[in-house]
Every structure is written in structure tokens, then in C-alpha cells.
Amino acid sequence: QVQLVESGGGLVQAGGSLKLSCAASGPTSRGVAMGWFRQTPGKERDFVATIIWQGHSTDYADSVKGRFTISRDNAKNTVYLQMNSLKPEDTAVYYCAARTTNLLSSWSGHYPYWGQGTQVTVSS
């Protein structure tokens, strides 16, 4: 089992920055790939970014490439999402997710563990 707790969401103006954190715990929370997804009302949960355990391999949605950076601190068992140059269309609930393998994936179905989500609102 893996427990995930996100934090760091909030309200920011367009062009601003936010850094999300996801603290993982549980007996199988180490050695696995992690991801960030986002969802707006009435829409499916969309892939944002993913990172393997070692941290040197990542993948991003085209819509956030060059603006968002995923990273992790394995000593703290925490994954981060640094979001820069935020746009109103980045407004969503952001979810942290964990896999049971150490492989990158942009498909939400590959992630059995999810956090409760944190709201990010970007005003124009």
C-alpha cells in the first residue's frame, strides 16, 4: 500500500509560479515511478509529468514542457512539481500518483495509488 499527500496548491496570477509537493508513505512507496495528473470539472484526468525512482528519466505532457519540472527527493520520499509561467488553462485539481513499477507512463490506468488532490487556480 502507498499513501500520498499533496500540498502546495493555491491561487496565483498568470505568469507566476507554484511548487507542489507529494509526500509518499507505506511499505511499497519506494523504488517506483511517480506521476502528476490534473483534472478540471467534467473532464478526464490528464497526464502532466512522470519520473522514475532514480530521478534521471522524466516525461512531460506537451502542454507543460519547458514550464513545469518534476523532481524527487528519495531521502524524504517526496515528489515535487515546479510550475512556472503559469497560465489560466493550468487551473485544475492536481493529483499525485504512484506506480508499482519503476517505469514511466502517461496513462492514469498504470497508477493504482492516488493522493486526494490539491487545487491550483491561475487568474488572468
Side-chain angles (χ1 to χ4, degrees):
Q1 290 294 328
V2 177
Q3 293 78 46
L4 304 171
V5 179
E6 302 101 332
S7 60
L11 173 64
V12 64
Q13 289 188 332
S17 298
L18 279 177
K19 187 173 185 177
L20 306 183
S21 299
C22 173
S25 62
T28 57
S29 64
R30 292 187 172 274
V32 297
M34 302 279 291
W36 286 97
F37 291 76
R38 64 187 182 186
Q39 188 171 25
T40 55
K43 294 188 178 181
E44 293 185 353
R45 199 166 290 187
D46 291 332
F47 167 71
V48 175
T50 181
I51 186 170
I52 62 170
W53 172 253
Q54 296 85 346
H56 60 75
S57 185
T58 59
D59 191 23
Y60 296 90
D62 288 342
S63 59
V64 306
K65 281 181 181 176
R67 301 188 298 122
F68 291 11
T69 302
I70 189 171
S71 62
R72 64 193 304 165
D73 183 339
N74 291 336
K76 297 180 179 179
N77 211 9
T78 299
V79 176
Y80 305 97
L81 185 69
Q82 176 67 48
M83 305 185 295
N84 299 328
S85 302
L86 283 161
K87 305 175 181 180
E89 51 263 44
D90 294 318
T91 295
V93 176
Y94 282 71
Y95 294 91
C96 174
R99 295 200 66 184
T100 57
T101 63
N102 194 27
L103 297 172
L104 299 177
S105 176
S106 61
W107 183 46
S108 60
H110 280 155
Y111 295 80
Y113 302 109
W114 293 84
Q116 82 288 352
T118 185
Q119 177 71 47
V120 171
T121 303
V122 184
S123 63
S124 58

Chemist: Search all heavy atoms of Gly31 against all heavy atoms of Asn102 and return the closest pair with its distance.
Modeler: O-CB, 3.4 Å
Chemist: Grab the two heavy atoms, one from Thr78 and one from Ser21, that are nearest each other, plus how far apart they are.
Modeler: CG2-CB, 4.3 Å
Chemist: Between Phe47 and Val120, is there a shared hydrophobic cluster once you connect ILVMFWY residues whose side-chain heavy atoms come closer than 4.5 Å?
Modeler: no
Chemist: Please determine whether the number of non-hydrogen atoms from other residues, nucleotides or ligands lying under 6.0 Å from atom CD of Gln116 exceeds 12.
Modeler: yes
Chemist: Is there a path of hydrophobic side-chain contacts, each under 4.5 Å between heavy atoms of I/L/V/M/F/W/Y residues, joining Leu4 to Val93?
Modeler: no
Chemist: Does the pair Lys87/Asp90 count as a salt bridge with the N-to-O cut at 4.0 Å?
Modeler: no
Chemist: Report yes or no: does Ser85 contribute a side-chain atom to a donor-acceptor pair with the main-chain N or O of Gly15 at less than 3.5 Å?
Modeler: no
Chemist: Are the side chain of Thr28 and the backbone N or O of Gln1 linked by a donor-acceptor pair below 3.5 Å?
Modeler: yes
Chemist: Determine whether Met34 and Phe68 fall in the same hydrophobic cluster, where Ile, Leu, Val, Met, Phe, Trp and Tyr are linked whenever their side-chain heavy atoms lie under 4.5 Å apart.
Modeler: yes
Chemist: Work out which heavy atom in Thr40 is nearest to a heavy atom in Ala92; give both atom names and the distance.
Modeler: CG2-CB, 3.7 Å
Chemist: Where the side chain of Arg72 meets the backbone of Ile52, is there a donor-acceptor pair that is under 3.5 Å apart?
Modeler: yes
Chemist: Might you point out which heavy atoms bring Ala98 and Pro112 nearest each other, and give the distance in Å?
Modeler: O-CD, 3.2 Å
Chemist: Do Leu81 and Trp114 share a hydrophobic cluster, counting only Ile, Leu, Val, Met, Phe, Trp and Tyr and linking them when any side-chain heavy atoms are less than 4.5 Å apart?
Modeler: no
Chemist: What's the spacing between Tyr80 OH and Asp73 CG if we round to 0.5 Å?
Modeler: 5.0 Å
Chemist: Is the backbone N or O of Ser123 less than 3.5 Å from a side-chain atom of Gln13, with the two atoms forming a donor-acceptor pair by type?
Modeler: no
Chemist: Has the side chain of Asp59 got a donor or acceptor atom that lies under 3.5 Å from a matching backbone atom of Ser106?
Modeler: no
Chemist: What heavy-atom pair brings Asn77 and Ser29 nearest, and what distance separates the two atoms?
Modeler: ND2-OG, 2.9 Å
Chemist: Would a single hydrophobic cluster contain both Val2 and Phe37, if residues Ile, Leu, Val, Met, Phe, Trp and Tyr are joined by side-chain heavy-atom contacts under 4.5 Å?
Modeler: no
Chemist: Do Leu20 and Glu6 touch side chain to side chain, with heavy atoms closer than 4.5 Å?
Modeler: no
Chemist: If only atom types and distance count, is the side chain of Tyr60 paired as donor or acceptor with the main-chain N or O of Ile70 below 3.5 Å?
Modeler: yes
Chemist: Test your reading of the model: is there a side-chain donor-acceptor pair from Arg99 to the backbone of His110, 3.5 Å cut-off?
Modeler: yes
Chemist: For Thr91 and Val122, indicate whether the former's side chain and the latter's backbone hold a donor-acceptor pair under 3.5 Å.
Modeler: yes
Chemist: When the aromatic ring centroids of Tyr111 and Tyr95 are compared, is their separation below 6.0 Å?
Modeler: no
Chemist: For the residue pair Leu104 and Ser57, what are the closest heavy atoms and their distance?
Modeler: CD1-OG, 3.3 Å
